[in-house]
J.: 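Before we start, here is the structure in question, set down as structure tokens.
Both counts, for ligands and for their atoms, begin at 1 and track the order of listing.
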Amino acid sequence: MLIDSHCHLDYYTEAERPDVLARAAAAGVGEMVTIGTTLAQSRRLPALAEAQPNIWCTVGVHPHHAAEAPVPTAEDIAALTDHPRVIGIGESGLDYFYDRAPRAVQQDNFRAHIRAARLAGLPLAIHARDADADIARILQEESDNGGKFAFLLHCFSSSRGLAETGIRMGGYVSFSGILTFPKSTDLRDIARDLPANRLLVETDAPYLAPVPFRGKRNEPGYVAHTAKVLAELLGLTPAALADLTTANFRRLFRKAA
Ligand SMILES: [Zn+2]
């Protein structure tokens with residue numbers, strides 16, 4: 001069984017969702033995590049998760065939305081995790097490619113989510129784009145000043161240096177459909193070299209569909225295509241890769257037992 005560790009099920013309509021979920025089941029995707037992007041939307045996700053036995057969710061404010069409302073306190077974010085289906089914090093982080101919010105606000109928002117992850121004892125899904133140095137610096141500062149926290153570098157497409165920093169700090173790395181793109185040679189080399197017990201797979205659906213669906217709308221069932229590429233890189237059968245990434249998922253997302 002595969003688990004899609006990061007998707008956005010609320011971006012499909014109510015009418016579309018049953019078919020999306022049925023196709024995921026048919027593709028061997030047994031569970032999935034639908035991700036918080038604003039606090040208001042995060043409050044609605046537990047109800048979406050409860051509608052099915054195999055959907056989990058996280059709560060948090062995406063860097064794109066960091067300036068739309070006052071930056072929440074860590075306590076505000078952590079309070080939203082008091083529900084059996086809420087298994088993580090995020091997604092949060094830094095996006096200096098789109099720069100939809102001022103960088104100082106993105107950084108405050110990111111730090112609040114790190115503290116919430118520590119308070120709640122749950123992992124943080126980190127969004128990192130064109131911000132490797134600041135992501136690494138803030139992870140290190142928060143760890144030095146406040147202590148350890150669990151985290152996942154989601155939809156990893158950053159530098160080898162950031163992957164290695166994350167692993168050294170005890171973090172996990174999740175690969176999306178980008179791993180299957182012909183030009184992603186460096187990314188595949190990084191995936192091959194990281195410790196196998198820290199790797200997860202995800203779709204980030206409805207974005208970033210893997211080959212052979214590139215350019216189409218993505219959905220959780222397509223995580224099997226990313227998993228197949230990762231299995232080939234690691235010299236594993238698809239079944240062994242599914243066992244590995246599912247065990248890694250349960251070790252990181254301890255509440256999803
Ligand atoms: Zn993201």
J.: Could you check whether the rings of Phe151 and Phe149 sit parallel, tilted or perpendicular, using 30° and 60° as the cut-offs?
T.: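 Phe151 vs Phe149 ring planes: tilted.
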
J.: How is the N/O/S atom of Glu91 that comes nearest to the Zn ion (ligand 1) named?
T.: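 Of the nitrogen, oxygen and sulfur atoms in Glu91, the Zn ion (ligand 1) lies nearest to OE1.
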
J.: Looking at the Zn ion (ligand 1), is there an N, O or S atom belonging to His154 that lies under 2.8 Å away from it?
T.: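 Under 2.8 Å: His154 contacts the Zn ion (ligand 1) through an N, O or S atom.
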
J.: Does Leu187 belong to the same Ile/Leu/Val/Met/Phe/Trp/Tyr cluster as Leu199, with side-chain heavy atoms less than 4.5 Å apart forming each link?
T.: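 Yes, because Leu187 and Leu199 connect within a single hydrophobic cluster, where side-chain heavy atoms sit under 4.5 Å apart.
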
J.: Against Ile89, only a single residue in Thr58, Ile126, Thr81, Ile114 fulfils side chain to side chain contact (heavy atoms under 4.5 Å, CB included); can you say which?
T.: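 Option passing the side chain to side chain contact (heavy atoms under 4.5 Å, CB included) with Ile89: Thr81.
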
J.: Write the atom name of the N, O or S atom in His127 that is nearest the Zn ion (ligand 1).
T.: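 Result: ND1.
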
J.: Within the distance-only criterion (no hydrogens, no angle test), does the side chain of Glu16 pair as donor or acceptor with the backbone N or O of Thr13 below 3.5 angstrom?
T.: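 Looks like yes, one N/O pair under 3.5 Å.
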
